[in-house]
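Everything on this sheet refers to the single structure shown next.
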Amino acid sequence: MSVLEQLNDKQKEAAMQLEGPVLILAGAGSGKTRVLTNRTAYMIDEAGINPWNILAITFTNKAAQEMRERIDRLVGFGSESIWVATFHSTCVRILRRHIDLLGYDTNFTIYDTDDSKSVMKEVLKRLQIDTKQYPEKRFLNRISNCKNELSSVEDEERDALGDYADEMFAKVYREYQAGLKKNNALDFDDLLVKTVELFTSFPEVLENYQKRFLYIMVDEYQDTNTAQFELIRLLAARNRNICVVGDDDQSIYKFRGANIRNILDFEKVYPNAKVVKLEQNYRSTQTILDAANAVIANNGSRKDKKLWTDKGDGEKIRFISTDTAYEEAERIVDFICADKRAGKCDYRDNAVLYRTNAQSRLLEEKCIMAGIPYSVVGGVNFYSRREIKDILAYLKTIDNGRDDLAVRRIINVPKRGIGATTISKIADHAAASGLSFYDCCVKAEEILGHGKAAEKIAEFVDLISVLKSKVEYITLEQLIDDILERTDYEAMLEESDPDDAQERIENIGELVNKAVAFEEQNDEPTLSQFLEEVALVADIDNVDENADKVMLMTLHSAKGLEFPNVYLAGMEDGLFPGYMSICSDDPEEIEEERRLCYVGITRAMEKLTISAAGSRMIRGETTRNPVSRFVKEIPQELLLGMPSSMKQKPQIQPQQRPTVQPVKPVVAKAKPFAYLTKGSQMGSTSAPDYGPGDRVQHMKFGQGTVLSVEKGARDYEVSVDFDNAGVKKMFAGFAKLKKL
DNA sequence: CGTACTAGTCTTTTT
DNA sequence: GACTAGTACG
């Protein structure tokens, strides 16, 4: 049977067009992933295309992994040689091979936003720019925008045309880039910029990749920025077999440079493009689709689409309005509890979506009180937590001492009596000599003279070199344990803040879990590779949908996901849409928020509940907001529980700030769960649903029999005798074993 | 050199 | 309200 049999006519049409440019306009829930995977399977299975020649770009690592698994299931072989990756990891892979052509070392490090900020701070200090008047963030944002638009330092210098502020910016931009280069580092945006630069400056390298990637596919095309557009254009220029999939109504990343014109103008750039619209929705009820269609219809420039389904009307949309955000959270949690008790759903069937991360807190508290297992996606990124960054800085220093920021981060953490004066002496010497900070530490005695300071530095250098010498012989897990032991890191945590120590230690345990999983999944794992993988993960990549937990996340994180029951919380003008967009004179801003609302509504498969609170704390201030205009855009007859009073409430006019009146806090219970921090995962060590003797399935090792399940310090440790791979020990949380 | 306190910012979303 | 960076002091 052909792999295309599972597709409807439109989907089939899109999947069969392998040659030339193809634009698939795929409405929410229209089976776009299925089209992409079956199209790829069709290429390999029936068109005889070598998987090696296929490039598929996705938005998140999770999507990439999922796509590969699904293709695997369809064709059973060859899927591992398809290049499926995100834009960023694709670029890293290419740059690791060729970036020496641009004067960087191929073992460059990737800087996250915190690292970029440190570099910027140093630059501004050196240029004596007052950060009160010009905050780092502003420069960083502008630099990011430039990079997204592929505007180089030279371009900015040329365009400054004597304008004081612009010239200053160009100078900062230049110095910032120099700072990165000195540390042999690239920031997120550079990954794309440098790859494009590589391709334009070295056509023979580009040609190499053009000859390899004969067929290119890009998912979530509506969220590509100019740099990404250019990268794809270059790669596809020779063969023109480019297939992009997206939905202009779901373009929600303008703030990070996404250019909706990339999808709207696709046919102008590729005039002979075949365009296929997928409008049949397989996810939601007609009621939900009607609501989504009605809301999005208020947007101006969009490709006309109308989602439909043969699923039937289903339940009405439930609208809840409460006095306070506190009550709102309570109502939502009550609904979930009731459904669960009635046996209508599992916890994992429910997701609560909100506009801002801060909203998760109340919901978390209520979940804890009700004893509901939940999982918060996002918030403070796991890899930007202090303890994790410290350990990673050790690993980076061990891996390659060229990352000055990493070395400086840990040179006195835990405290070893190396102070600011010593550090700045070494830093000055490094700057003057052009050597790296770590290299200067190695010859500290030369710089500082014989003394206590030099001795302390020598101790640090010894520590690093001992660990360095071990890297090749021990596992990552052992290396991290070794670091912890030799530095007495956990003791330091206990001492400095006993309240959070437990959680921080658990986080480190989680990092060890990830290291173990990494070593399991790679044939020849290296420290550099691990650090690289870790630099490019998104929060959503770590979501485990097998765990039976209610999901709490922002609307942005929810893109691409679906849940039987969806709760849209905080539907209030001023929060969603946020004031920024309400007050802006750019109508595009509100439209972007509306698209976000559309994304939220269309996540729901069966039941949608939207809620609004009359007042809530925002930034320590109690604010009152009217019900969101988006709620009013949903036809009345689809809603259940719409209070008539709401209809008269005036809408906020543009240019007018929403009323912010201090209101006495209605609830006295300030913070019943002070130990709770965002991102904490409840029950991450819950017992697996299999036991000794059960047959299980592992992603890589195939089927096997469970020998034992033991509760370890961090997670359950499972021993499995695999039919083809022998006995393996692994952590339950990461092995993702499926009971058969 | 290390600590404790203060002031200021943040909150729109993230690879 | 929470977190961070910067500063003053021991």
Side-chain angles (χ1 to χ4, degrees), chain A residues 57-64 85-92 110-114 116-118 121 131-132 135-137 141 144 147-148 186-192 220 223-225 227-228 251-258 353-362 377-381 383-386 412-423 452-453 456 495-497 500 535-541 553-559 570 574-582 584 589 592-593 595-596 599-600 616-623 665 670-671 674 676-678:
Chain A
I57 298 213
T58 57
F59 209 61
T60 63
N61 296 300
K62 187 168 185 263
T86 62
F87 271 106
H88 291 269
S89 42
T90 297
C91 290
V92 173
I110 301 163
Y111 273 3
D112 64 18
T113 28
D114 276 354
S116 303
K117 207 166 147 195
S118 307
K121 251 186 202 153
T131 50
K132 293 257 153 50
E136 304 103 67
K137 262 195 77 182
N141 272 334
S144 181
K147 289 181 177 177
N148 287 334
L186 301 184
D187 66 19
F188 282 133
D189 303 316
D190 276 340
L191 296 174
L192 291 156
E220 306 284 10
D223 284 322
T224 52
N225 62 33
Q228 292 165 334
S251 170
I252 55 174
Y253 282 103
K254 187 177 172 211
F255 71 93
R256 72 173 198 216
L353 311 182
Y354 37 78
R355 182 66 236 269
T356 67
N357 276 308
Q359 290 169 256
S360 70
R361 193 204 235 90
L362 281 176
V377 180
V380 179
N381 186 301
Y383 292 99
S384 53
R385 286 158 210 251
R386 189 165 70 230
N412 199 32
V413 175
K415 307 239 150 41
R416 25 178 101 79
I418 300 171
T421 17
T422 313
I423 292 174
K452 222 165 114 195
K456 302 268 191 202
E495 210 174 308
S496 59
D497 54 348
D500 297 345
L536 295 176
V537 295
D539 291 308
I540 196 76
D541 293 335
M553 67 182 93
T554 62
L555 289 151
H556 282 89
S557 295
K559 191 169 79 156
L575 185 63
F576 185 34
Y579 340 101
M580 291 306 224
S581 57
I582 295 174
S584 166
E589 300 253 321
E592 173 118 340
E593 296 273 310
R595 289 193 290 268
L596 196 52
V599 168
R616 73 171 65 234
M617 286 277 251
I618 296 174
R619 277 196 266 160
E621 253 183 329
T622 304
T623 56
K671 41 173 188 173
L676 218 196
T677 49
K678 44 214 140 317

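- Distance A/D114 CG to C/dT4 C1': 11 Å, rounded to the nearest Å.
- A/C91 and A/L192 make their closest contact through SG-CD2, 3.7 Å (heavy atoms, listed as atom of the first residue, atom of the second, distance).
- Residue A/E593 is in base contact, counting any heavy-atom pair closer than 4.0 Å across all strands shown.
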- Message: For a ring pair (Phe, Tyr, Trp, His ring centres under 6.0 Å) check, start with the C-alpha distance between A/H556 and A/F255, then their side-chain angles and the critical distance, and finish with the verdict.
- Response: CA-CA 12 Å; A/H556 282 89; A/F255 71 93; 5.6 Å; yes

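- Of the candidate nucleotides B/dT13, B/dT11, B/dT15, B/dT13 has the atom nearest to the side chain of A/R355.
- Atom P of nucleotide B/dT15 and atom OH of A/Y253 are separated by 6 Å, given to the nearest angstrom.
- For the pair A/I418 CD1 and B/dG2 P, the computed distance is 9 Å after rounding to whole Å.
- If you find the closest nucleotide of DNA chain B to A/A453 and to A/T60, the one lying nearer the 5' end belongs to A/A453.
- Within the 4.0 Å cut-off from OP1 or OP2 of B/dT15, not a single side-chain nitrogen or oxygen of A/K62 is found.
- Among the heavy atoms of the strands lying under 4.0 Å from A/N412 are primed sugar atoms or P, OP1, OP2 only; no base atom is included.
- Atom pair A/R595:CZ and B/dT12:C1' shows a separation of 15 Å (rounding to whole Å applied).
- Counted by atom type alone, A/S89 and A/T86 present one or more donor-acceptor pairs between their side chains at under 3.5 Å.
- Nearest heavy-atom pair across A/M553 and A/V377 is CB-CB, 3.7 Å.
- At C/dT4, none of the side-chain N or O atoms of A/R386 fall inside 4.0 Å of OP1 or OP2 (strictly under the cut-off).
- Atom CZ of A/R616 and atom P of B/dT12 are 14 Å apart (whole Å).
- Of the side-chain N and O atoms in A/N357, one or more sit less than 4.0 angstrom from OP1 or OP2 of B/dT14.
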Report each atom pair, protein N/O against N/O of nucleotides 5-10 of chain C, whose distance is under 3.5 angstrom.
none

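- Contact annotation for A/S89: no contact, since no heavy-atom pair falls under 4.0 Å across all strands.
- Under the 30°/60° scheme for interplanar angles, the aromatic rings of A/Y253 and A/F59 are found to be tilted.
- As rounded to whole Å, 12 Å separates atom C1' of B/dT13 from atom CD of A/Q359.
- Distance check on atom P: B/dT15 versus B/dT11 gives 16 Å, rounded to whole Å.
- Looking only at atom types and distance, the side chain of A/S557 has a donor-acceptor partner in the side chain of A/T554 under 3.5 Å away.
- Remark on DNA chain B: of its neighbouring residues A/M580 and A/T86, the 5'-side contact belongs to A/M580, judged by nearest-heavy-atom nucleotide.
- Relative to the side chain of A/F255, the nucleotides B/dC1, C/dG1, B/dT13 differ in distance, and B/dT13 lies closest.
- Closest to the side chain of A/F188, from the set B/dT13, B/dT11, B/dT15, is B/dT15.
- At a threshold of 4.0 angstrom between heavy atoms, the contacts of A/S557 are confined to the sugar-phosphate backbone, with no base atom among them.
- Atom pair A/D112:CG and B/dT14:C1' shows a separation of 12 Å (rounding to whole Å applied).
- Taking every side-chain heavy atom of A/M617 into account, C/dG1 is the closest of C/dG1, B/dT3, B/dT15.
- Distance from the side chain of A/K415 is smallest to B/dT3 among B/dT3, B/dT14, B/dT12.
- A gap of 16 Å separates the P atoms of C/dT4 and B/dT13, to the nearest Å.
- A/E621 places its CD atom 15 Å from the P atom of C/dA2, with the value rounded to the nearest Å.
- Each of A/N225, A/L191, A/D189 was scored for a side-chain contact (heavy atoms from CB on, under 4.5 Å) with A/K147, with one residue passing: A/D189.
- Taking 4.0 angstrom as the limit, A/T113 places none of its side-chain polar atoms (N or O) nearer than this to OP1 or OP2 of B/dT14.
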- Item | Criterion side chain to side chain contact (heavy atoms under 4.5 Å, CB included) on A/L353 and A/L555, from CA distance to verdict | CA-CA 6 Å; A/L353 311 182; A/L555 289 151; 4.0 Å; yes

- Message: Pair A/I618, A/Y579 - check side chain to side chain contact (heavy atoms under 4.5 Å, CB included), show working.
- Response: CA-CA 12 Å; A/I618 296 174; A/Y579 340 101; 4.2 Å; yes

